[in-house]
There are 2 protein chains.
Amino acid sequence: MIHSNKNNSMFVPEVVVQRIPIYIRILQEELKYGNTVISSKNLGKRLQMSSAQIRKDLSYFGKFGKQGQGYPIEFLVEKLKIVVGLGQKWNACIVGTGRLGQAIINYPGFSPEGFKIVAAFDSNNIKLDSSADSIPILGMESLSKTIKQKSINVAIVSVPALEAQKVIDLLVFEGIKGILNYAPISPKVPNGVVIRNIDPILSLQSMTYYLKES
Amino acid sequence: MIHSNKNNSMFVPEVVVQRIPIYIRILQEELKYGNTVISSKNLGKRLQMSSAQIRKDLSYFGKFGKQGQGYPIEFLVEKLKIVVGLGQKWNACIVGTGRLGQAIINYPGFSPEGFKIVAAFDSNNIKLDSSADSIPILGMESLSKTIKQKSINVAIVSVPALEAQKVIDLLVFEGIKGILNYAPISPKVPNGVVIRNIDPILSLQSMTYYLKES
DNA sequence: GGTTGTGAATACATTCACAGCA
DNA sequence: TGCTGTGAATGTATTCACAACC
């Protein structure tokens with residue numbers, strides 16, 4: 001072919017990748033409302049962003065819209081899910097079953113979005129007994145074995161700050177390539193491992209810049 | 001003056017503001033290790049970022065370093081804290097005392113970083129009795145009064161998704177200008193209100209882009 | 001008329017590279 | 001010599017603006 005179509009090997013900026021799940025979420029809401037088509041303008045209004053940005057973002061992955069009408073929602077959701085890696089199911093483990101860990105385990109929101117928590121680990125295995133629905137709480141010594149047995153491919157870290165880097169190193173060593181870290185540290189991971197930090201303190205602290213007087 | 005110095009009215013990019021609390025955190029760690037001076041090079045190594053970026057970031061706020069030596073850590077922390085709004089104390093309330101809300105209330109990390117949770121609210125005020133150390137759990141009808149009485153200036157939202165926008169609107173109406181939102185929505189707030197979202201699902205979902213095969 | 005998809009233009013963020021200082 | 005602070009250069013992201021199409 002002469003004019004090659006948009007293909008999967010083209011580089012997509014990280015910011016764009018991060019916005020796709022947001023689009024998916026809103027599109028799914030729109031589906032629930034019974035809508036079947038949405039324009040970039042309306043989607044933009046919904047998210048307080050420009051329609052141009054939405055069109056540009058989507059254009060990295062293909063042509064999903066129809067001129068004069070907009071995007072067929074169901075079709076677009078389907079495509080975006082595949083693009084962003086939600087075509088497959090992900091098995092997650094959680095390390096650290098303190099108060100936060102327990103809240104995460106019991107949060108019902110992960111599973112419907114494609115992330116099934118299939119095991120929990122804690123160095124102090126008294127912290128939580130089989131309370132949560134069928135998620136086993138195991139000692140750290142079972143980590144390696146369980147990751148393989150249950151095909152775990154992402155990990156959630158909710159251990160205290162001082163232990164976090166050690167735990168992350170261990171997870172990386174065991175082959176985990178995606179980590180969601182709740183510990184308030186700036187973790188180091190090798191290339192090829194993706195890590196995301198959930199850090200409410202940092203969020204608050206950068207907010208105050210805009211709130212302080214003077 | 002002819003060559004005006006860097007003054008507080010110059011625009012600082014948002015990304016820069018967001019990095020300042022990270023610097024503060026690392027600098028405080030270095031202090032604990034007993035170090036008194038750090039170069040942009042070493043700070044950069046610690047954070048896996050370029051020394052140039054650190055110097056540039058800091059330069060938005062003043063000249064804190066000494067050529068040939070680096071930055072005096074204690075002095076720099078002090079300055080950055082003031083710059084970012086941590087010179088004052090912040091009183092926070094939390095709305096929503098379900099499992100997540102409880103985990104947040106009991107997390108000991110907010111207070112030492114300048115955010116004191118002074119009240120909690122829930123529409124179902126049976127959810128938590130005075131369990132947590134001295135933080136009162138109140139009904140939503142007390143919100144307005146309590147915000148004034150306790151000089152609350154930031155709010156944490158941990159209610160279910162369906163209620164979140166309503167709660168946020170209410171907080172804004174009551175004069176709250178900074179909100180940390182844990183609900184999985186794209187909230188709308190008027191200009192002048194700063195909101196930050198904590199959204200582990202979105203973090204996971206954009207991670208998988210880099211993990212999926214093909 | 002309404003809306004997409006996209007090069008071109010603009011705006012923003014990072015890095016370079018070096019003068020100036022301790 | 002070793003480091004900061006910063007303009008200039010480069011790299012990235014967003015917005016503009018319009019041809020192509022329903």
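Each chain gets a letter, A, B and so on, in the order the sequences are listed, and its residues count up from 1. Just so you know, these numbers come straight off a predicted model, no measurement behind them.
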Next item on the list: Check the pair D169(B) / Q165(B) against side chain to side chain donor-acceptor pair (under 3.5 Å), numbers first and verdict last.
Entry: CA-CA 6 Å; D169(B) 292 345; Q165(B) 183 65 57; 2.8 Å; yes
Next item on the list: To the nearest Å, give me how far apart CD (Q53(B)) and P (dT10(D)) are.
Entry: 19 Å
Next item on the list: Check the distance between dT6(C)'s C1' and I54(A)'s CD1 and give it to me in whole angstrom.
Entry: 16 Å
Checklist line | Rounded distance in Å - NZ (K63(A)) to C1' (dC21(D)) | finding: 11 Å
Note to self: Which heavy atom of A92(B) sits nearest to which heavy atom of I152(B), and what is that distance?
What the structure shows: C-CG2, 4.1 Å
Next item on the list: Using atom CG of D57(B) as one end and atom C1' of dG5(D) as the other, report the distance to the nearest whole Å.
Entry: 13 Å
Next item on the list: Please determine, by modelled atom types, if N197(B) and N181(B) share a side-chain donor-acceptor pair under 3.5 angstrom.
Entry: yes
Check: Where is the tightest heavy-atom contact between S40(B) and R55(B), given as atom of each residue plus distance?
Finding: OG-NH1, 3.1 Å
Notebook entry, point to check: Once you round it to whole Å, what is the distance between P of dG7(D) and CZ of R55(B)?
Noted result: 14 Å
Next item on the list: Test Q102(B) against R99(A) for side-chain contact (heavy atoms from CB on, under 4.5 Å), laying out the working first.
Entry: CA-CA 9 Å; Q102(B) 292 176 42; R99(A) 226 184 273 267; 5.8 Å; no
Checklist line | Check: G96(B) main-chain N/O paired with S158(B) side-chain donor or acceptor under 3.5 Å | finding: yes
Next item on the list: In whole angstrom, give the distance that lies between atom CE of M49(B) and atom C1' of dT15(C).
Entry: 12 Å
Note to self: With the threshold set at under 4.0 Å for non-hydrogen atoms, list the residues of residues 13-23 of chain B touching DNA chain C in residue-number order.
What the structure shows: P13(B), V15(B), R19(B)
Notebook entry, point to check: Between K56(B) and dT4(D), does any side-chain N or O lie under 4.0 Å from OP1 or OP2?
Noted result: no
Item checked: Any residue of residues 27-43 of chain A with a heavy atom less than 4.0 Å from an atom of DNA chain C -> S39(A), S40(A)
Item checked: Nearest heavy-atom neighbours spanning L86(A) and T208(B) -> CD2-OG1, 4.1 Å
Item checked: Phosphate contact (dT14(D) OP1 or OP2) by S50(A) side-chain N/O below 4.0 Å -> no
Note to self: Check E30(A) with K45(A), please: is the shortest side-chain N to carboxylate O separation under 4.0 Å?
What the structure shows: no
Next item on the list: Return the minimal non-hydrogen interatomic distance between I22(B) and L202(A), and the atom names on each side.
Entry: CG1-CD1, 3.6 Å
Checklist line | Neighbours of DNA chain C within residues 65-86 of chain A, by heavy-atom distance under 4.0 Å | finding: G65(A), K66(A), Q67(A), G68(A), Q69(A), G70(A), Y71(A)
Next item on the list: Identify the two heavy atoms, one from P200(B) and one from I198(A), that lie closest to each other, and give their separation to 0.1 Å.
Entry: CA-CD1, 3.8 Å
Item checked: First of L58(B) and A52(A) reached from the 5' end of DNA chain D, by closest nucleotide -> L58(B)
Next item on the list: Work out which heavy atom in K150(B) is nearest to a heavy atom in V118(B); give both atom names and the distance.
Entry: NZ-O, 3.4 Å
